[in-house]
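Below: one structure, written as structure tokens.
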Amino acid sequence: MDNRAPSERLVGRAVEKAWLSGLLQSAVEGRGVVGVLRGDAGMGKTYLVCSVLSEHPRLGSTCMVGVESEADLPYAALQRMMLSHRPVFESLPGAQRSALGVACGMAAGPSPSRSLVGLGLLTFLARLSDDAPFVCFIDDAQWIDPESLQALAFVGRRLLVERVALLFAVRTEGFGSSVLDDLPGRTLEGLDRADARRLLRTSSCGPLDHRVVDRIVDATGGNPLALVDLPGELTLKQLRGEDFLHEPVPLGKHLEAHYLKQIRGLPRETRTWLLAAAAEPEGDLGAITAAGEALGLPEAAAHRAELAGLVRVDSTVTFRHPLVRSAVYNGAPSPELRRVHSHLAGVAHERGDVHKSVTHRAAATVGTDDKVAEELERSADIVTQRGGYMTRADLLVRAAALTSDAARKELRILAAGESALVAGAGAQAGALLATLDPARLDDAARGRLLLALCELEVLTPVTSPVFAHRPQRLLATARYLHSLDPAHAKQAVANAFWALIQADELVQGTTSREVADEARHICRTDPGSDLTTQALVALSTLVLDGRAAASPLVKEAVARATTNDTADEEILQSYMCIAHAACLLREPDAVEAVLRHAERAAQRQGAALALARVLLLRAYSSMQRGRIGEGTDHLTRAGEIIAFMGLPRLWTDIALSLPIVRGWQGDETVIDEDDEVLVEARNVGYGRSGASRLVGAMLLRAAEGRYAEAWHYGRRIGHEDPFFTGTLYLADLIECAARAGDRDSAEKLIRQLTIECRDTQSRWAAGLLERSMTHLEGEDTASRCERALELLTGPALEMDAARTHLLYGEWLRRRRRRTDAAQHLVAALETFLRLGAAGWATRAQRELDATGKCREPNASRGPSPLTPQEASVARLAAAGNTNTDIASQLFVSPNTVDYHLRKVFRKLGVTSRRQLRDLRLD
């Protein structure tokens, strides 16, 4: 960072300097930190960071500067970082090195997941800090390509015990929201009047009139760059107040014009060379030199630019300040700009860089050029394979601008909007789709637009019950597309099934049978052998014909969806239908297998919206089985993705609202019907939240043995439709109804569960039925509990096994069989404590105390004190994974794993991984 080190003492900024110094000290002490310095152009962000770093000479550091013209090249910034620290890159673990290498275009291979790229970057920075605490400074982050910036933000959220400080400097003026918005930071405003006056006076070579000083301070708003540069632009008479000071004084948004004035004083050849350097996205000296030769520029052109202090030339060309580059590029006459891009395109073509060649050609094109547009579209497809959906959208927009045919132009804009939706970028997608005129689209394209607008609704805040109406709108779209575009019709009806899950009982205008009937109709008229068709056939059969008819179809779909040969796109279009069908068949292992494959596919494709949905489904599945820590982990990760997509906080809270968590944990707040998030969820028709609250309240009171109150909530939970939450909690509804004395309702529910058990052949369903029958047939309790426990085996069904142990233990205690009762109650208590089900643990402990027995001392720990992340680390360590293995699976560094393990050992009172295995951690 020597070339960016400050040459003068920093003026002002005491608060921000103290903040930055504190971050660096944290890194020195082994507590990884991230910080974002925000501010308008010229506010001194870079100078401030460099000034603070100069006071810490023992810290290792690297600086990566964003470049505006390379912002559309996925992972371009990370590529520069890897190349500048090649030995460290080569030392990374194989999978991480491969992921980073492929993403950065340094190696061939399949498209890596963004999470693995982020993990590789985390390990890379951690290794840079092996010898000394390390600072990674990302300057002009607003011009870093989105993929690199997302990877860096990923790392920033996971720094914990690394000796690394990750600092960003980013412009705020003229730039929208970014993935850095939720990271801690400071915003630089203009200097106060005293500091601004001091900086202006120290920047001037002569005396200043105090009135001129005040005029400049007022006009610049304390912008440090303007204060430093303006004295060199004004005459001595103006500075002394002898000549009129023209209005307006150059400042803020005029800074680029200010630099352009300096540039225009250079020879024409030098200006042209500077323009070639500004247009080359990576500052590649070889490409700039080759383009200069083609332009007929003398070698002296580069030397004059360097002598003028505008650039530094070594293996690359680095501008003195990004504003200089902007001024050169944006201030150039259009014909000259196109001429330079044309020559750079030729250089890129000779080097075999297809993407650079076509983007330069596009910049050199006047009007339309269908050939270039087609090449841009092909380049967009290549970018997608590397996970750059937003970059793909940008390239498609450029292609549309060069397209002569109006219909083709509209289709490319539509495709750009669809790509933005896949990336979870609602604002960008909405802006693109709003430009389309349905009248100019053909029928099939109009259907695609309708489908895109339906998806856009969930990314754009509204006040109407949009979720309640989405199934009907998607169904109508599917019907419209049925004969025009069967593939998109299938996508629409698959999305309608997901919308039914979200709407739950609040759904309006349609039913699951109506959606299933349309799905069947589409698949019969366009059978196909693709996984999406197979998934729709399986789920529609389950809804229309029952579980018995659907069971073999679902199993076939599960098998196909969980093989590595199935394309990511097929998995992402079908996972929800397959997973929900498997859930209704009560096959938890199949559900998890499908969702794990879908999660990996979404990560590889950079499909943020799909990834958030997959994680939500995994959370729903985990909570249904009482796996609280696991479900909370999935919800937390889903929240990160949803926040990344830029949704308002309240909408994020709604999507993550799963009050059943609080019910399992014994949290009384689940009873609150006026919770702000739940009220808003009802207003927008998101029925899943309300249903989850009722289930959570029912479980809370059931755990306390207050069954009349539990059934008060349970009887309001819909269970008649396979897309209603209550369908998945029949055994709980039966227990509450029977114990509350509502035998008629309990028997009705028993009949529903009996049919389900008969049709699915599921061990889980059979075990639940055996347990549920004990609430109505007291004389067979022992044999039924024994059979239930034989069926409810395995980690996936631990909660239901524990509740069966509790039921059995209570029954035995009431018959004074205290020793036998204690065995079952201890088993139930230990599982409840491990899973974090506080209310159920309290009940089991109370029953155990009544037997006069107690657990072994080493089992008496109380509710697990572990955080979700600590629990995840503990489970993986207990399974025999190394720290490196755990780091790869949890997307953290090995140092962070070691940090969590030490806390786990301390909290649980153990000293080895073997002891963790003995604890049978959830």
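For the single chain, residues carry numbers from 1 onward in sequence order.
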Any heavy-atom pair between the side chains of [Y] and [X] that's under 4.5 Å?
| X | Y | result |
| --- | --- | --- |
| Arg693 | Ser689 | no |
| Leu848 | Val826 | yes |
| Glu592 | Ser621 | yes |
| Ile660 | Leu699 | yes |
| Val507 | Thr511 | no |
| Arg814 | Glu810 | yes |
| Leu829 | Arg834 | no |
| Val904 | Arg875 | no |

Answer with yes or no whether the side chains of Glu735 and Tyr707 bring together a donor and an acceptor at under 3.5 Å. yes
Is a donor from one side chain sitting under 3.5 angstrom from an acceptor on the other, for Glu798 and Thr831? no
Would you check, one step at a time, whether the test side chain to side chain contact (heavy atoms under 4.5 Å, CB included) holds for Arg803 with Phe832? CA-CA 9 Å; Arg803 289 180 62 183; Phe832 291 147; 3.9 Å; yes
How far apart are the closest heavy atoms of [X] and [Y], and which atoms are they?
| X | Y | value |
| --- | --- | --- |
| Cys577 | Phe497 | SG-CD1, 3.9 Å |
| Leu500 | Ser512 | CD1-CA, 3.7 Å |
| Ala638 | Ala612 | CB-O, 4.1 Å |
| Ala841 | Leu833 | CB-CD2, 3.7 Å |
| Leu806 | Ala844 | CD1-CA, 3.9 Å |
| Ala691 | Asp504 | CB-OD1, 3.7 Å |

Could you give the distance from [atom1] ([X]) to [atom2] ([Y]), rounded to the nearest 0.5 Å?
| X | Y | atom1 | atom2 | result |
| --- | --- | --- | --- | --- |
| Leu807 | Asp800 | CG | CG | 11.5 Å |
| Leu768 | Glu770 | CG | CD | 10.5 Å |
| Leu678 | Ile654 | CG | CD1 | 9.0 Å |
| Leu835 | Trp840 | CG | CH2 | 13.0 Å |
| Glu599 | Arg596 | CD | CZ | 9.5 Å |
| Phe723 | Leu584 | CZ | CG | 7.0 Å |

For Arg625 and Glu630: C-alpha separation, side-chain torsions, deciding distance, then whether salt bridge (Lys or Arg N to Asp or Glu O under 4.0 Å) applies. CA-CA 10 Å; Arg625 294 176 283 117; Glu630 182 182 278; 3.6 Å; yes
Hey, would you say the His824 and Tyr808 ring centroids sit under 6.0 Å apart? yes
Given the side-chain rings of His634 and Tyr620, with only the six-membered ring counted for Trp, is the space between their centroids under 6.0 Å? no
Any donor and acceptor pair, going by atom type alone, linking the side chain of [X] with main-chain N or O of [Y] inside 3.5 Å?
| X | Y | result |
| --- | --- | --- |
| Ser692 | Arg688 | no |
| His597 | Ala593 | yes |
| Gln752 | His719 | yes |
| Asn881 | Leu876 | yes |
| Glu505 | Gly718 | yes |
| Ser762 | Arg586 | yes |
| His580 | Pro722 | yes |
| Ser622 | Ala619 | no |
| Trp664 | Met623 | yes |

Any chance you could lay out the side chain to side chain contact (heavy atoms under 4.5 Å, CB included) test for Leu542 and Leu585, step after step, and finish with the verdict? CA-CA 9 Å; Leu542 191 152; Leu585 293 180; 4.1 Å; yes
Evaluate the criterion side chain to side chain contact (heavy atoms under 4.5 Å, CB included) for residue pair Thr727 and Asp721; output intermediate values, then yes/no. CA-CA 7 Å; Thr727 305; Asp721 188 285; 5.6 Å; no
Apply side-chain hydrogen bond (donor to acceptor under 3.5 Å, both in side chains) to residues Arg763 and Thr793 and explain how you reach the verdict. CA-CA 9 Å; Arg763 287 191 307 108; Thr793 58; 3.2 Å; yes
Identify whether the distance between the nearest side-chain nitrogen and carboxylate oxygen of Arg470 and Glu455 falls below 4.0 Å. yes
Less than 4.0 angstrom from a charged side-chain N to a carboxylate O is my criterion; do Arg627 and Asp633 meet it? no
Might you work through the side chain to side chain contact (heavy atoms under 4.5 Å, CB included) test for Ile717 and Phe724, ending with a clear yes or no? CA-CA 8 Å; Ile717 301 170; Phe724 290 174; over 6 Å; no
Taking everything shown except Glu676 itself, do over 12 heavy atoms lie less than 6.0 Å from its CD? no
Residues passing the salt bridge (Lys or Arg N to Asp or Glu O under 4.0 Å) test with Arg813, sequence neighbours excluded, are Glu847
Whether Arg157 engages the ring of Phe154 as a cation-pi pair (distance to the six-membered ring centre under 6.0 angstrom, angle to the ring normal within 45°) should be assessed. no
Is the positively charged end of Arg739 above the ring of Trp711, judged by distance under 6.0 angstrom from the centroid and angle within 45° of the axis? no
Assess the residue pair Arg662 and Thr669 against the criterion (side-chain hydrogen bond (donor to acceptor under 3.5 Å, both in side chains)); give the C-alpha distance rounded to whole Å, side-chain angles, the decisive distance to 0.1 Å, and a yes or no. CA-CA 7 Å; Arg662 288 177 276 158; Thr669 63; 3.3 Å; yes
